[in-house]
Structures are given as structure tokens and as C-alpha cells.
Amino acid sequence: MIGLEHYLILSVIIFCIGLLGLLRRKNLLMLFFSTEIMLNAINLAFVSVSSYLGDITGQTVAFFVIAIAASEVAIGIALILLWFKKTRTIDLDSLKYIKG
Amino acid sequence: MYEIIAFYLFSSIILALFYIVVTTKQPVFAITALASGLIFIGGLFFLLDAEFLGVIQIAVYSGGIMALYAFGFMFFDASKDIEERTSANKLPFVLFVLVCVILNFLLISPKIALPKPIVEIDTNITNAHQLGLELFSKYLLAFELAAILLLVAMIGGIMLLSSKMDKSWTTTPDDEIKADS
Amino acid sequence: MNNLTLEALNLSVFTPMGVLLIGALLILCLDLIQKDLSVNFYTMITTIFLLVDLVAVLSSNSGDEAFFGLLKVDGVSIIAQSIVIVGALLFILLSIIPKKFNEFRFAEYFSLFLFSVVGFQFMVSSTNLILILLGLEIASLCIYILIAIHNTHKSIEAAIKFFTLGAISSSFFLLGIFVMYLLTSSIDLVEITARIQTSNHTLIILSLCCFLVSIGFKLSLVPFHRWVADVYDGSSEIMAGYISIVPKIAGIVIAYRIFTPFLEMNIEWLYNILYFIIVSSMLLSNIMAMVQNDVKRMLGYSSIGHSAFILAAILITNEQTLHSIFLYWSMFMFTNMGIFTVLWVSRNKLKKWHKYHDQPHIKFSGLIYSNPFLAIVFSVFMFSLAGIPPFALFWGKFYLIGTVVNSGEIYLALTMAVSGIMAVFYSLRLIVYILLKEPVELDGQIYITNVSWYNKFVMAMSAIVVFFSMSIIGGLLGYFYEILK
Amino acid sequence: MLHNLILIALFSPLLSSIVSALFIRSPKKLGIFSSILIGISFISSFLLFVFYENSFSYSLFDWLNVGNFKLSFGVLIDPISLVMINTVTLVALIVHVYSIFYMDEDKSINRYFSYLGLFVFAMMILVMSDNFLGLFFGWEGVGLCSWLLIGFWFENNDNTKAANEAFIINRIADLGMLMGLFYIYWNTGSLQYSEVFAQIPNLSNTTITLIAMFLFIGAMGKSAQFPLHTWLAKAMAGPTPVSALIHAATMVTAGVYLLVRSNEIFALAPSVNIVITYLGVFVALFAASMAMVSNDLKKIIAYSTLSQLGYMFVACGVGAYWVALFHLFTHAFFKSVLFLGAGNIMHACKNELNIKKMGGLYKDLKVTAIIMIIASASLSGLPFLSGFFSKDKILESAFSTGYLDIWILLLLGAMMTTFYSFRLILLVFFVPSKEKNSHTHDAPKYVLYAMGILGVLSISAGWIINSFEKFINIPFELNIEHSTHYVMILITVLAVIITLVYTICKYKQPIKEPTSKINTILKNEYYIPYLYSNIFVKLYKKIAEFLYEIIDQKILDKFYEKLAFSVFNFGIVLRKLNTSNLSIMIYFVIVGFLLLLLTNFIRILL
């Protein structure tokens, strides 16, 4: 039987890969992919803890996280698309109209 | 035994796929890797006896990722690399390793005495049944809120991409707007 | 779980939010049936629903629970909801203006506005972390959209920045929930605190780290403050004003609910970190506010300092914490509302003063000559922001610093007072432009192109509150005492 | 009826301010109307004094009454506040009348009267309030009006700068004051004077010392004590009547008022009193030495004010509170009339401020000259003028409490006062002028009559010293033997007169550069005592110039400027770091998270 730790370590690594993507990627769409990865890492963690604890709450939370992730994707894509329509690029460095 | 093999197999695949997502220069690779990675996470859900969520994960993402595909192809020429100025420095990797190690250390090092469950998993009924009971009683309100959340996202998507956004009234002088309408 | 009856749901507690949901859906339906209804009409509908909502909130009983304990109405939530609704009410009235801006082409604008208010209302009236997150997400998504449909390059950029960072902060919030769940198998704050045995557990602190990132982002505290100025800069004045007040009070309530139990457990780490964050936020934000050339950006940085003030009140956890927080925030609300209304009234589509900024300082040079009335009202609001008696925010600062001194935190109080002085610097900088510079614009009409009776009403309301605050705060504090028992 | 008088005295300045503000754009001049209202306020204040029997407080309205936080805004009528309101309204009345003439050609004269009325109102609140919070309100109110009035001619950028400096330095001091108030409130549960003073003896020594220290910091800012004094000289950028009212007679003395008002707190904090005393002496000499070398007409008077404030603080420091108040009272008259006279001179000389360029104005400005000579004589403490009584009392008080060193220093200060006052008089009025200005003429009659009132008071206000002591009734025992007393007075008077004679000799003629060496040597050989004094004076002048130019102008002034500037520069650097790049924002979030994790990690390792 695999211990809970294995799942936790896996989730943390996935979460951190998401962070790596956030830091490394310079493309807005890829940025949103990374946040998606992070949310899924947490989902995995919730489900594994729920299953090891024998408590259903974790799965309920995971369910809502999927809903949150879905709506975030919708808005994110809409915003990128809008930006693409205005500037014909989705490069992160094209966000330069606001200056201090 | 087969559980162990499945876990290690799935997890190594997932890590590899997600690593591809954040490093590849090929946009199509990234999208494909993301989609399959998410579906493999669904596989892990089955392994954890959360069948219902596993199904949802696969259904939502195989549906949802199709849309991502569409956008991906719209934005980039699939044959070309992403014109992305990835920073050449090693700082992201250093941060990645640091956060990963410390987070793991903090999460794993204390001996976790597993707490008593609040709503115990009942092995007599199916996972979907029990999750349904939970969602529609205790978490009814949250469920409704999730519905509102999706509604807001839908309205938002429609608004942001409607034709009214093509010409911005905010930057057009008022007389010109009057002349148009 | 078989006793699922309507009585068990206790729907009456749900009334305030229900009213707004009906309102939001009604607006959507009206738009489907009849296009081209005027902005005035939608504004009035929104206002009416918000008013009904306000009455419903004020008449709800503290201590009621509904939906199996998911929805809890206590004193904190009643006051926070009232502040949210009053803020929303006055800001939405600013929509009726002679100029045409892009957002007012959408009836959905008003619907989403109401949804965001609902989101905040849920957020502050629950102790269940997932419900809090859902409320937060609803409200935030609405706000991203509302910012973006101002439809300039800047506003879309602001929305994207806000959205990306908001998504990251939500992930961290979830991570925090997860660690708590791992530790206690519960996601309800009350149960979590009841189930924690040793206060010194590594996992508690790990979870608090995650919450700090997320709440730090929501309250825009150093080092998670970077979005503020950009988002204020990109948003329309209505939305900038709205996000400077309404989401923050919700965030403050969440911070209060999450941090207070742990602070009372004497977790030294949390205390030290919060102390550090408060001090650095207050000092850095005020210095940054001093060097801005745009009024909106300056207000953005100033709002960081104000959030840090509130966090200081949370840090000291005594019986006056809540009163001082709510008093401070109500006073801040009217001050900031006044400032943003003035900015909104003077907003026009010309960019004659600056290449990037709509509201540079230089725009208001010598306003006292071209439009004396507006200039005086504006400077009164700025004096209030600087905390000069007898204007509104002085009372907030006075009471708050007093609370801090009372709990023996003399150094913290000194830092707060020093940051109060720095606030004088940046407000004075703008006031000098308004009162003591050569006018750039001799025609005062250019500053009131956006004026309408509704704008004037909001401005007058804020001015009255700011000016006569000393006769109001007595009653207000009394009310808080009564509600918070 | 007394209550009505209080309301009239308090609110007629506000009415004047509001009405003037309403007519801010109309060409109609409201000076006379404003003056009448201030006059009404003065008459009511005077009637309050006439009908005064016992001190009482009268609550205007309840402010806050929540839980354990109770505050009501009340007015306290007692000897201290009566002295203050009468002084304030009288000087304000005369300054108003004077301003009708002085500001006549200014376009925004109604704006001016509006600010001035508001100032008087705030000042009345400050001195009449029966609790610390009301005092703080007035305190901030006068600060605000002072800012508005110093920067009144904001077309000139320097004036704006000066106004800002005054405002910001005052805010820094107010911070101390505010902390003091919090400390008082949380230790005694009240801000009402009566309740606070009743509670004070029960508190621990450290608490009282802290409270006194914080309050004193507040007083230092308002009364421009070292090192927060730089704003006062710069504040002379405002219209001259404003300097007379705010920066000589009323606002700057608020610090002294605060000390007198809370004497029951300070009486229990001996260590703070020592600080106050020595700081007062230092400022008295420091400012006087700067006044001796300055050539700016208004700045000399401003430094003189500073020096006199130092005297008042010494009186407070040694516990002679009524003496401090008495000096405040007499000083208000002669100092404000000096400023008004300076205003006349400036008016006559087309806003020339350099006294080296003036001279021979006596013929044209006879009345002004006479009034100013009286005021200067009074300021120097020539016998039987008002300044003589009050200043002498301060010297005696210092002596009787055993501070012999301070007595000597103060005596030196008095000599310096005489020197710079008469240096100014002689240079302006009597030294033959280099250029002929033919068109100078004195101010109109009504202005001179108004100034005359102050002139008369400069002579006579001191005569009531005994009844004043009884009236104020803050006990302070002078235990000096009669013979010593007389000797002391004699010494003081002699010192002053000798200085006076010396000054007159020195400045009888415009000081010429020596033409030939032989001539000078001969001259010096003939006047050997003169040689000594010349060396001494020259040395002293060097020191004074050093203080003025290096310490004051270069170090402190630059320090404040540099402080503000470096904060601002730091902000600019920060702004450069805060680029609006989304990538960097994400870095900040994640690095912030990592730092939080690291602290947690280190906590475990430890």
C-alpha cells in the first residue's frame, strides 16, 4: 500500500511545476495553463487526503475546485482573446500600456 | 501491488507531461501534454476510490481542453515554435527547487496523526451516491454558488467577446458615437 | 441527511443575497426582452435592489444560521455587508453621466455588479472556507470583467494582470485550505480551531503562509502589493473606487476570521510576520505614493497603507479591534468615495494633460481658479485622507491608534503615526497642485464635463459625512457596539 | 448670559470667516465687517473677564458617548483661558484693522479675511476648550490656517515651500502631542482637563514623564523650539499682519499655553522640567545671537520672538507658570506692534526688507518710529515698561529656584535683546540713508491709532503684575531677600542701559569701512576700552554668524530639506524597481511565498 506521503509529494511537485511555469513562461495562454496545473495539484492532494482519512469533504472541495478552474479558464481565455483582438499578440511583455 | 505500479507509472507520466507543458517551445505539444496530464490525474482519482471525480475530471477536461486546442490553433501557427522570449536565467529553476524542497519538507516532516473524519466515507453506498448526498444537503449552498460562478463566467465570456467591444466608446468622442448610432 | 426540508434550510437568512440574485437575473432577462433600455433605468433598478438588500441586511438577526451552518450571520458579517452595500450603492449611482463610456453599453454591467456584491456578501457571512472561496471567486471574476469592459488597452491590461495574480492567489488560498484539512479534516474555521490541539504545529504555520500570500494579495500588502497601482490606473474611476473599498472590507473580514484565532493561540511566528508586513507596507506604500504623478496611482499606493493600518488592528486582538476596523473603514469609504467621485466628474475623453495618465497631478493645477467649488471639495477630501482633524479619517486613525496604544504596542502606534505624517506629504503634494499652482486650464467647465445630479448627490453625501463626521461617529460606534454585542 | 457671551466670543470669528468666504470672488471689500465681528468677539471676551467670578465649564454638545469612550465638547472659563482669549481677540482686532490698510491693494483680500477669521476661531477653540481633544483640534486648525496664510501669496514658489515646511514640521511635532494624548487617555480614561489632572498624581513616575515629554514635543513644534525652529523664520514669507498675529502673539505661544494649562502634569515631571529650562535658555541665546547679525527686517523680529519664547519656556521650566503666562501676555502686545511697524516700513519702502539699505526714515514715519521705539524699549526691558516687569520676573524666578547659571545666561540674553532691537531701530530710522527716497509716507491715521493702543499697552500692561499674579493663582514662591532683589534689578537695568548706550554709539553713524590704516590705529589707540569691546564684539559676532549661517541655515535647514529630499529620492528609486511588468509581479508573489516558507523552515531548525 502506498502511503499518503507519496501523494502529497507528488502534489507538491506538480504544484511547483505550475509555479515554474508561471515564472518561466512569457506567453499569457501558457500562464493560464500553469495556474490550471496548480489547481489540479491541489485537487489531487484533496482527493488523496480525503481517501486516506475516510472523509468525503475533501472530494466535495475537489468538485468545487473543478468548477472554479473551469470558470477561470473561461474568463482567462476571453481576456486573452480580447487582448489578441486589440494587439494581435498574447506575449506577456505586450502588457506595457500602463506605465508608472 | 498493481496499485503501486499504477501510482508510479501515472505519477511519472504526469510529471513528465507537465514538465513538457512548462518548457516546450511547441504550442501544440504543450496543449496536448496538458490535456493528457489532466486526464492521468483523473486516473489517480480512480486509484483513490474517487470514481465520480475521476469521471468528472476526464469529462470536463477532455471537453474543456478541446476548446483550448481550438484557441491554441487560432493563436499560433501550429508548425512554428512559440515566439516566446523565455528568460535565459536560471532563477525560475532555482526558485522551483527551493520551493519544492521546502514545501515538501514542511508538509511531510511532521508526523501527521491523521485526524478523525467528520463525514465518514460509507463503503456501503457508491462514491457518486455519497458525494451527491453531501453536495445536495450540507453543501447545497456552495453548489448553487458554483452554478452562479459558472453563469458569471459565461456572461463574462459573452460580454468580453461581443461586437460591442470592437469599437471602444471610451476612446471615441461623443459626437462621433452619436453620428454612428 | 434525510431531514432535507425547506425549514431546515432556514431560507429567511438567505433573503438579502436572494434579493440581489433575483435582481441580477431580472436585469439579464430584461435585456433579453427589451434591448436599448437606458442606463438610467438599469441604474435605478440596481439601486432599488441594493436598497432592499440593505434593509434586509440591517434587519437580519445576528446569530442566525442557514443551509446547515454554511451561512452564518453574525455581527461582523452584518456590518461588513452594510459597508459593502453602501459602497456599491453609491458607486453605481455614478453610472448616470452625460458622457458615453463603453461599459454602459452593456445591461450585463449592472447584473455583474450585483453578482459581485452577492459574492462579497457570501464571503463575509460564512466560516466555511470553501464557501468563502466561492464567494471570492464570483466577486473577483465579476470585477475582472467589469474592469476589462471599460475597453481601453490599459483597462484590459489591468484586468489581465489582476486576473493572473488573482488566480495565483486563489491557488494559494486553496493550498492553505488543504493543509488545514490535512491537519483537522475540516474546512470550517470554527471546527478547525476547535480541533487544533497544539498551537505550535508546523502545518498550521504552513497553512498560514499560504493564507498570508492570498490575503496579502487581496489586501495588497507588501510584497504582494504590486498589482494595485496598475489596476487602479487601468480601471475606470468607478471600478477603481469600488475595488479600493468593497473587496478590501471583505478581505479584512476574512483576515480577521482566519488570523484572530491563531493570534489568540499566541503563535509567535504569525505575530512577527504580521508585524513586519504591517510596518513595511505602511512605510513603503507611503513613500511610493509620494512620487506618483497620477492621482489614481497615488491613491492605489495610499490604499496599501490603509490596509496595513487595519491589519495592525487585527494584530492586537483586543475587544476594540472590530470597532476600530469598521469605524476606520467606513470613514475611509466616504473619503475615498469623494475623491473618486471628483475624479470621475472631471474625467473626459481628452488626454491633453499626459501621454498615459487620465488623472495626472498636473491636470489639477490651479483648480482653485478655474473651478473653486470642486477645488475646495477635493482638498477637503484630501485633507481627510491625510488624517487632519476634524475630517472623517482623522477619527478612524485616532480611534485605531488609540486602540493600538491601549494594547501596549507603543512602537507599532508610533510607526502608524509616522506613516500618518507621510500621508500628509503625498496629500499635500496634490493639494499644493490644486490650491497653490498656476492654473493650466482657465475654463472650469472642462473639469465638470461628466457631472450629473447623481454624481453631485454622491459627492454631497461624501462631503457631508467627511465634514460632519464628528457628529456621526458617536452614533456609528454606538451601533457597532450594539451589533457586536 | 455668560453662556451667550461665550458663544458670541467663540462664533463671531467663524461667522466672519464664512461670510468672507462667500464673497471670495466679489470685489466688495469686507475688512470693516470682519473687524467689527472680531471686535464683538473681543468685547464679549472682555465682558466675560469683567463678570468673572469662579471658573466653570460649559458643555456645548456631547461628542462621543460610546461604551467606555466619553467625550463632550465643552468650554472652560478660568483665569488662564480668560487671559488668553482677551489677548488673542485684542491683537486679532488690531491686526484686522491694520489689514484693511495693509492688504488694500490685494485682489484676494476677502480670501485673506476668511483665513484670518478661521484662524481666530481655531485659536479660540484651542484656548477655550476644556479637554485635550478640543485643544488638539484648535492646534491643528491654527496649523492649517497658518499654512494657508504663509502660502497666501503662492504665486511665488518660495512662499509655498515655506508654508509646506511649516506645516510638515508642525505635523511631526503634533505626532508627539497625539501620542501624549493617547497616553493620557489610556492611563486616565479621560481627556477632560479636570479629570485628567485629578488622576495624574496616581500614575507612576515613568508614565507622567512620558506624557510630559510627548506634550512638550508638541509644544516645541508649535512654539518653534530648537531643533524644530527653522520654519518660523521662513514663515515670514506671509503677509506682515499675519506674522504679527500668528507668528508673534498667538499661535506660536500655544506651546507655552499648553505647558501652563497642563502645569499639574509638568509639576510632577522634574526631569522634563530641566530639559525645558535648558532648552529654553539655549533657544533664548541662540535666537538672539542670530537676530544680532541678520539684516532682514522681519527675520530679526522673528528670531526675537523665538528668543522670547525661550524665556517663557524657562519660566515654565522653573515652575513659574504665571510668570510665563504674564510674559506671553505682555510680549503679545509689543511684539505684534513691532511687526505692524515693520509692515509700515515695508509699505513705505516698497517691500524692501534689508535694513542695511534703509535709514533716515524717522522724518517720514515719525509715529511709527515712536511706537516702535516704545515697543523695542519694552522688549529690551527698560524700566517701568511692560517688558521690564515680565522679563525681570523670569530672571528672578530662575534665580530663586537656584539656577544661578541660567540667571547669568538670561541676563546676557537680555543684553543681546537690547542690542539687536536698537540696532534695528537705529539702522532703520536714524542712520543717514544712502539713497534718497522722497515718496515715503506714514500709514493712515486710523491704523496709527490702532497701533497706538498696542503701544500704550506695551508701556502699561506690566503695571498690573501683582493683580495678575493673584488672578492666575498658580502658586509660585519667590524666596529672595529684598536686598538681593534690588541688587538684581539694578544689575539687570544697568546691563540693559549700558548695552543700549553702546548700541547707540555704535550705530549712530552708518558703519563705514575704515579708510586708512593709520586712521584706524589712531582711533583704536584713543579708545582702548573700545578696542576690547570691539574684539569681544567681533568674536561674538563671529560666533553668532557661525550659529546663524552654519548651524541654522546650513545644517538644520539643509537637514530638513535633505530629509524630505532623500525620502523622495528613495521613492523614485523604488518606483524604478516597481516596473509594471506582470512577470516581475509574479516573481514578487512567489519570492514572497518562498520567504514565508523560509522563516517557517528556520523556525523549525532552531
Side-chain angles (χ1 to χ4, degrees), chain A residues 1-2 4-10 12-21 23-27 29-30 33-34 36-37 40-41 43-44 47-48 50-57 59-60 62-64 66-75 77-82 84-85 90-91 93, chain B residues 3-4 7 11 14-15 18-19 21-23 30 34 38 41 44-45 48-50 53 56-57 60 64 67 71-72 75 82-87 92-93 95-96 99-100 103-104 107-108 112 114-115 117-121 130-131 134-135 139 142 146 149-150 152-154 156-157 160-161 165:
Chain A
M1 187 66 185
I2 299 167
L4 176 57
E5 287 81 7
H6 291 73
Y7 280 101
L8 292 185
I9 291 173
L10 176 64
V12 167
I13 296 176
I14 298 177
F15 188 84
C16 291
I17 289 180
L19 288 184
L20 175 65
L23 293 175
R24 224 182 140 264
R25 283 300 193 180
K26 289 273 177 187
N27 182 300
L29 196 63
M30 295 296 156
F33 284 5
S34 305
E36 203 70 4
I37 292 173
N40 270 280
N43 244 358
L44 177 62
V47 174
S48 57
S50 153
S51 140
Y52 277 83
L53 247 55
D55 180 294
I56 196 79
T57 317
Q59 294 186 28
T60 328
F63 178 83
F64 291 122
I66 292 178
I68 290 173
S71 46
E72 271 185 2
V73 168
I75 297 295
I77 296 274
L79 282 174
I80 300 185
L81 205 51
L82 189 58
F84 189 71
K85 269 160 82 176
I90 55 168
D91 193 330
D93 291 329
Chain B
E3 232 184 315
I4 297 174
F7 173 78
S11 48
I14 290 169
L15 289 180
F18 283 163
Y19 187 74
V21 175
V22 296
T23 50
L34 180 71
L38 294 176
I41 283 186
L44 282 180
F45 286 178
L48 288 164
D49 299 326
L53 278 177
I56 289 200
Q57 176 89 1
V60 167
F71 283 120
F75 287 139
I82 307 175
E83 290 170 28
E84 193 180 9
R85 200 181 46 75
T86 45
S87 44
F93 286 98
L95 285 178
F96 163 68
V99 173
C100 198
L103 199 55
N104 265 320
L107 203 58
I108 306 304
I112 308 167
L114 286 181
I118 289 179
V119 188
E120 270 188 68
I121 292 181
Q130 196 174 9
L131 202 57
E134 190 75 353
L135 282 178
Y139 288 96
L149 184 61
L150 291 167
V152 165
M154 190 182 81
L160 290 179
L161 300 177
M165 294 294 280

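Naming: A, B, ... by sequence-line order, numbering from 1 per chain.
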Inset, instruction - Would you give the length of the straight line joining atom CG of Leu38(B) to atom CG of Leu44(A), rounded to the nearest 0.5 angstrom? - result: 11.5 Å

Inset, instruction - Determine, stepwise, if the pair Val22(B) / Arg24(A) fulfils side-chain contact (heavy atoms from CB on, under 4.5 Å). - result: CA-CA 7 Å; Val22(B) 296; Arg24(A) 224 182 140 264; 5.8 Å; no

Inset, instruction - Could you check which of Gly21(A), Ser50(A), Ser51(A) has the highest count of heavy-atom pairs closer than 4.5 Å to chain B? - result: Ser51(A)

Inset, instruction - Could you grab the distance from atom CZ of Phe96(B) to atom CG of Leu23(A), nearest 0.5 Å is fine? - result: 10.5 Å

Legend entry - Euclidean distance, Leu82(A) CG relative to Leu160(B) CG, rounded to 0.5 Å: 6.0 Å

Legend entry - Closest non-hydrogen atom pair, Glu134(B) against Thr60(A): CG-OG1, 3.6 Å

Legend entry - Straight-line distance of Ile41(B) CD1 to Ile14(A) CD1, nearest 0.5 Å: 4.5 Å

Legend entry - Non-neighbouring partners of Thr57(A) that pass side-chain hydrogen bond (donor to acceptor under 3.5 Å, both in side chains), sequence neighbours left out: Asp55(A)

Legend entry - Sub-4.5 Å side-chain heavy-atom contact between Tyr139(B) and Phe63(A): no

Inset, instruction - Please list, chain by chain and in numerical order, all residues satisfying ring-ring contact (aromatic ring centres under 6.0 Å, His included) with Phe15(A), sequence neighbours excluded. - result: Phe172(C)

Inset, instruction - Flag the pair Tyr7(A) / Leu44(B) as yes when at least one side-chain heavy-atom distance between them is below 4.5 Å, and no otherwise. - result: yes

Inset, instruction - Applying side-chain contact (heavy atoms from CB on, under 4.5 Å), run through Tyr19(B) and Leu20(A) and close with a yes or a no. - result: CA-CA 9 Å; Tyr19(B) 187 74; Leu20(A) 175 65; 4.3 Å; yes

Inset, instruction - Taking the side chain as every heavy atom from C-beta outward, state whether Leu95(B) and Leu19(A) have any pair of such atoms under 4.5 Å apart. - result: no

Inset, instruction - Kindly indicate whether the side chain of Val152(B), heavy atoms from C-beta on, has any atom under 4.5 Å from the side chain of Ser71(A). - result: no

Legend entry - Atom pair CD (Gln130(B)) and CD1 (Ile56(A)), whose distance is rounded to the nearest 0.5 Å: 4.0 Å

Legend entry - Per-residue contact mode, Ala74(A) against chain B (heavy atom under 4.5 angstrom): side chain

Inset, instruction - Please state whether the side chain, the backbone, both or neither of Ser34(A) comes within less than 4.5 Å of a heavy atom of chain B. - result: side chain

Legend entry - Heavy-atom proximity to chain A below 4.5 Å, by part of Asn104(B): both

Legend entry - Top contributor to chain A contacts, counting heavy-atom pairs under 4.5 Å, from Gly157(B), Ala50(B), Ala146(B): Ala50(B)

Legend entry - From Leu15(B) atom CG to Ile17(A) atom CD1, the distance as rounded to the nearest 0.5 Å: 5.0 Å

Legend entry - Pick from Asn40(A), Leu10(A), Ile66(A), Ile13(A) with the largest number of heavy-atom pairs that fall under 4.5 Å of chain B: Asn40(A)

